[in-house]
S.K.: 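Here it is: the structure, laid out below.
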Number of protein chains: 2
Amino acid sequence: MPNSTTEDSVAVPLLPSLRRATNSTSQVAIVGANVCPIESLDYEIAENDFFKQDWRGRSKVEIFQYVFMKWLLCFCIGIIVSLIGFANNLAVENLAGVKFVVTSNMMIAGRFAMGFVVFSVTNLILTLFASVITAFVAPAAAGSGIPEVKAYLNGVDAPEIFSLRTLIIKIIGNISAVSASLLIGKAGPMVHTGACVASILGQGGSKRYRLTWRWLRFFKNDRDRRDLVTCGAAAGIAASFRAPVGGVLFALEEMSSWWRSALLWRIFFSTAVVAIVLRALIDVCLSGKCGLFGKGGLIMFDVYSENASYHLGDVLPVLLLGVVGGILGSLYNFLLDKVLRAYNYIYEKGVTWKILLACAISIFTSCLLFGLPFLASCQPCPVDALEECPTIGRSGNFKKYQCPPGHYNDLASLIFNTNDDAIKNLFSKNTDFEFHYFSVLVFFVTCFFLSIFSYGIVAPAGLFVPVIVTGASYGRFVGMLLGSNSNLNHGLFAVLGAASFLGGTMRMTVSTCVILLELTNNLLLLPMMMVVLLISKTVADGFNANIYNLIMKLKGFPYLYSHAEPYMRQLLVGDVVTGPLQVFNGIEKVETIVHVLKTTNHNGFPVVDGPPLAAAPVLHGLILRAHILTLLKKRVFMPSPVACDSNTLSQFKAEEFAKKGSGRSDKIEDVELSEEELNMYLDLHPFSNASPYTVVETMSLAKALILFREVGIRHLLVIPKTSNRPPVVGILTRHDFMPEHILGLHPSVSRSKWKRLRIRLPFFS
Amino acid sequence: MPNSTTEDSVAVPLLPSLRRATNSTSQVAIVGANVCPIESLDYEIAENDFFKQDWRGRSKVEIFQYVFMKWLLCFCIGIIVSLIGFANNLAVENLAGVKFVVTSNMMIAGRFAMGFVVFSVTNLILTLFASVITAFVAPAAAGSGIPEVKAYLNGVDAPEIFSLRTLIIKIIGNISAVSASLLIGKAGPMVHTGACVASILGQGGSKRYRLTWRWLRFFKNDRDRRDLVTCGAAAGIAASFRAPVGGVLFALEEMSSWWRSALLWRIFFSTAVVAIVLRALIDVCLSGKCGLFGKGGLIMFDVYSENASYHLGDVLPVLLLGVVGGILGSLYNFLLDKVLRAYNYIYEKGVTWKILLACAISIFTSCLLFGLPFLASCQPCPVDALEECPTIGRSGNFKKYQCPPGHYNDLASLIFNTNDDAIKNLFSKNTDFEFHYFSVLVFFVTCFFLSIFSYGIVAPAGLFVPVIVTGASYGRFVGMLLGSNSNLNHGLFAVLGAASFLGGTMRMTVSTCVILLELTNNLLLLPMMMVVLLISKTVADGFNANIYNLIMKLKGFPYLYSHAEPYMRQLLVGDVVTGPLQVFNGIEKVETIVHVLKTTNHNGFPVVDGPPLAAAPVLHGLILRAHILTLLKKRVFMPSPVACDSNTLSQFKAEEFAKKGSGRSDKIEDVELSEEELNMYLDLHPFSNASPYTVVETMSLAKALILFREVGIRHLLVIPKTSNRPPVVGILTRHDFMPEHILGLHPSVSRSKWKRLRIRLPFFS
């Protein structure tokens, strides 16, 4: 009888007592602002009889349709993301613009107190709105979203990150928070928005809001969705910076964990669509139909200067800029990590504290932005100024502020302005004498600390723009210090400073370089930018990790890195497998299945054929919990333990086994079965993946990790070395490769020299 | 006794009769111009006791040294490749330049016949020199080398491709062949040159010529060398086009099969060094110290035009350009493939034929270049010409040729010129009326066919420049046909035409785009260039594969693609494994080892522990032929079958097991052992890789391929499904995944619909 050994085979502890403990490290993570349970994604193709049948049954038209739909979705992602990006900029420029114009007008009229009240109250209301909707409606929308998307692309499925609700709150919240003059960016949220759009399109709409489209239901698996989300993330960067190639490279260098050449091509298509649509929309706005937009929005800094020539003598200052930028960047990462940890501690006390903190930051920011320019002395307008001085209104290099006519306040031009305009002012050429040392230094220090404190608030907030603005002010300050010792103008120094700071915090090289080139439209800067980036990244890597990896670690995402830690070479796979292992027979009693599903939370179960079907126990494959639940729901059981025939198979449709939308899945508690049904049997053979990846238990953990990571597996079966044991002795999942888990089981390895070496040589790879 | 079952275990045929046939598909390939035996590379880390011991024994200083050396080598690669690239251009510009100046002067003096004789004889001598040294000294240097490097980076080790001899002949031969006015390029050979430099540095010099440096011997494994060769290839493109970011992307998109984030960063460093060194050298040349160089060399076309604005109306012509470019590109690939096949047929007849063919192509080219301009009518010089008209000398848009004073021959300006200058003329802006329809059309047709016939000659020859020049003339022609129906100037059309043709032949998207942007220094072209590239690639992919893949297939390289063919899903691993399998005991008799090594040409042998050491046969690991040979050479044998102790181990040094230079390896025939030694024993345990990757024999071939390819394995062990069989039942290598092999074993799958589908939907992925 196949079920004679059921009770034994189900719960037999195959491994010694030490490893009987289940792996309990990091099954939850902070998603946005809330703690949520997380699961892994299934990238593996389940090659079972049923799906082979389905695939063979597909006509050529269906296959063509599938390919066509992939391209169409990339096109749609490009269109939608560019429209969102444009709308985002349009809204911010107009909201913040009106605010600055009103305040400036009051100040020109001498009503400073009134100006401050209007400015700070507007900011407070906008911040409050952003944080309230984020905290109460979609906590997953808080922060930049890049860590969440990066973890998703690595195979970590967090609930709600790609829901329609998150998408809407992310857009509205970010517009509101950026308009509130907080020192936060738009690029990170745009990446999340792009990924969200891609995911929603890929799963055919939002089921919860009944916004589903049947014709979009082609991508019911995690592999296709991963490709689309990568596309969306690239489109997000392309829309933020009008940098299509930069977007592709960003997705490649920073976001994606797996990469295919075909994907490169499709992502390139999406970002090309973004670039073209944005260009068309901006052309429309140039004719002045977009309110205050078009004068400063959608940052694109044209610092092209014909005489961007530089000589060997300029190399030393550039090297210095890179080294200091790297140190400052890693300091930034360190402080941001500490501040976020402190914030998490505050946030545990409740949602009121989250909102209070956001309001406190807003008020503090308003005070600084309004108050600091009064410290700067007024500068007389240059006689050969290219534009009106002082500029009355919003944009421009010369803010009047409290100064007498014919004078301008240089610090106000930087600080009492939108971030985009501040960057533009810093990057602009031929303005070497417009800013005073003191103003640039104050601006740099303000940006540095304010952005660290602002990022963690409960609202959609990015890091790119704050880092660029901080880096640009730092670069400009270095340029001013060098003065006539360098041939480069201060605008170029600002660009290089931004590069060095980006390299020091985000640690991207090629993508940062291309994004900055596309922003500044000056290819001649390339070699110097490359040097600065390489140096700042090298220096900063000596201290700590890249900012997104730090945040991911802080949030508790089980991110799988592609390299193995040195101590993993000392351990075997068998050393980290935790039990008990749950195994099903090929033809299993329904009662057993339900019992196992209720008592464990495993998501994959090995299917082993026992004596009546095979002479000795033989591994048949691996079945997923989701697929078992589909089988149970369909209630196609057999009264006796026999293999199911093609009639039974034909009752199933491939769609029923399709992966549900992100974060949503069936539960065993929803399946109600009668006593009679529980005593029936289920043939798992046709539905289990007959080609699971396996490793022998004596394989080194480091090599198992490489297999796990490179191929992109969710469940890796461990098979015994000797033949007198059961055909499967364990399952490795993502959590078994986490350092916390391994070091918990084997505390001795953490004291070995490998751990220390790794820390002292972080650039070792 | 461990050797009691030796004779059995060594040659037992484990698989049915069908699979007893050894895999004989494609063990040789055409490397450069000669047929050579090829091997696979070992990317897997052999985790055995001995290496673990070695790794633990390394001090921190040694590890730091290793990391430092990696960076230092990247720096050296950048420096050397940029110097070679510069020298290459300097030599070509001066050689070809003097030739054109002398010929032009004769023609101005009316001595046309004499001019033709000088021109054609110079070309013939240069071609003869290039083909003779290539054919007799280093046949591996023939062609562009990109297919060889691409195959190497996929794990195919061809002898001689990275030898010092190949490097020198590649550089000299290419200078000579390009100076001979053949329609061939410099970029492909530069990629090969860069890869060669990287490989020679990585293996610590050339052993054959006693040019070795001890301090460079850090990278005695294929993984590190692969990284360096990728760096070298990227530096090659960077040096050809002065396109550092383009070089990185080219290495990523076209060359590399495996990619790591750390590699991206290091490659970026190399190309940054190239960009900086080239810039410095060109600055030196601008002051006129480099002869004829500096007026045209090292193509960098500055087509920056302030008014590069375009509107929706320009989209249609651009789409058309892309579609036709794609069709022409795939036609180009088709014809080139046919011509190369025909040439291979001729080349089989002997080396004389190779040289004769090169000479014939040279004479034919000379006749065309000299003769065709006479067909063009003379144009009067434009009154508002920006430069001297007609240009007397070499470069410039206005060649006098046979025309009367005050007139110029527009076809001669294109065709009777170096390729770099022709491209510059075609790309230049504000020259819409300088070229006549007829001239551009004649030039396009000539380039199209001449480059197809020229590529296959036995000399270092690239494809990039011919494709760019053909595409530019095509684009310019389309621009002229459209005339006033488009707002774009003809120079822009030429750039877009080059993009469409590159997309149609090479099928790269992002890298082509960035290379062209860096060449033309005009970021505003980006969106249109992206559209053109995507369309031409899509169209061309409907017809055939990318040109380098076609050439690799023609040459017979067992290139592993990252996707599985649909018919592989129908097959199991057990269906393609060929026998007989050779297995060693953990402690094996020396005689048996020598016998097996002499009678087979396998490169990896499973090590299985038999009864006295283990109750049942147990898989211990996998040992490489190279490591066994090292053990045999060292002659540390034991008189009885016992495990070796730490004393024995301490006699070995890690360097002895280091991978030999490319294409070089020890041979069993070189090992002479006495009768006494043959009867002794060898303990293979500490030297075999104890963590080999394994698949169960019932795994689908498609999934095994994904594992094989993603992880980068040379030998994949196949283990049995049931426990009553030997612990290993087969080994899969690269050749077992080749379509020829699989379809040879299972002809039925090729007739199934999967095969057909694949052909009709080539863009399916």
S.K.: With a 4.5 angstrom heavy-atom cut-off, which part of B:Leu249 approaches chain A: side chain, backbone, both or neither?
M.R.: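 The side chain, not the backbone.
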
S.K.: Which atoms of B:Asp227 are under 4.5 Å from chain A, going by heavy atoms: the side chain, the backbone, both sets, or neither?
M.R.: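 Interface part for B:Asp227: neither.
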
S.K.: Check whether A:Leu619 gets within reach of chain B through its side chain, its backbone, both or neither, counting any heavy atom under 4.5 Å.
M.R.: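 For A:Leu619, backbone heavy atoms alone lie under 4.5 Å from chain B.
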
S.K.: Side chain, backbone, both or neither: which part of A:Ile719 has a heavy atom under 4.5 Å from chain B?
M.R.: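 Just the side chain, heavy atoms under 4.5 Å.
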
S.K.: Among B:His620, B:Met699, B:Arg709, which residue has the highest count of heavy-atom pairs closer than 4.5 Å to chain A?
M.R.: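 That would be B:Met699.
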
S.K.: Is B:Leu572 close to chain A through its backbone or its side chain, or both, or neither, when contacts mean heavy atoms under 4.5 Å?
M.R.: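 Contact with chain A is absent: no heavy atom of B:Leu572 under 4.5 Å.
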
S.K.: Under the side-chain contact (heavy atoms from CB on, under 4.5 Å) rule, what do A:Val695 and B:Thr694 come out as? Steps first, then yes or no, please.
M.R.: CA-CA 6 Å; A:Val695 287; B:Thr694 54; 5.6 Å; no

S.K.: Just wondering, do B:Val711 and A:Val711 contact through their side chains at under 4.5 Å, heavy atoms?
M.R.: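 In short, these two side chains touch, coming nearer than 4.5 Å.
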
S.K.: Among B:Pro692, B:Ala616, B:Cys513, B:Pro244, which has the most heavy-atom pairs under 4.5 Å with chain A?
M.R.: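 The option with the most such pairs is B:Pro244.
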
S.K.: Atom CH2 in B:Trp265, atom CG in A:Asp541: separation rounded to 0.5 Å?
M.R.: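 With rounding to 0.5 Å, CH2 (B:Trp265) is 4.5 Å from CG (A:Asp541).
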
S.K.: Return the CG to CH2 distance between B:Leu534 and A:Trp71, rounded to the nearest 0.5 Å.
M.R.: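 These two atoms lie 6.0 Å from each other.
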
S.K.: Look up atom OG in B:Ser511 and atom CZ in A:Phe268, then write down how far apart they are to the nearest 0.5 Å.
M.R.: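 Here the interatomic distance stands at 9.0 Å.
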
S.K.: Are there over 12 heavy-atom neighbours, none belonging to A:Phe75, within less than 6.0 Å of that residue's CZ?
M.R.: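 Result for CZ/A:Phe75: open.
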
S.K.: Taking every non-hydrogen pair under 4.5 Å, which of B:Met530, B:Lys721, B:Glu253, B:Lys703 racks up the most with chain A?
M.R.: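 It is B:Lys703.
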
S.K.: Relative to chain A, which segment of B:Val510 carries a heavy atom at a distance below 4.5 Å: side chain, backbone, both, or neither?
M.R.: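 When you check distances to chain A, atoms from both the backbone and side chain of B:Val510 fall under 4.5 Å.
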
S.K.: Hey, which of B:Gly621, B:Ser700, B:Ala275 has the most heavy atom pairs under 4.5 Å with chain A?
M.R.: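 Top option by heavy-atom pairs under 4.5 Å: B:Ser700.
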
S.K.: Find the distance between CG (A:Leu252) and CG (B:Leu264) and round it off to the nearest 0.5 Å.
M.R.: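 Output value for this atom pair is 6.0 Å.
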
S.K.: After noting the C-alpha distance and the side-chain angles of B:Tyr693 and A:Ile706, does the key distance pass the side-chain contact (heavy atoms from CB on, under 4.5 Å) rule?
M.R.: CA-CA 11 Å; B:Tyr693 287 102; A:Ile706 291 169; 3.7 Å; yes

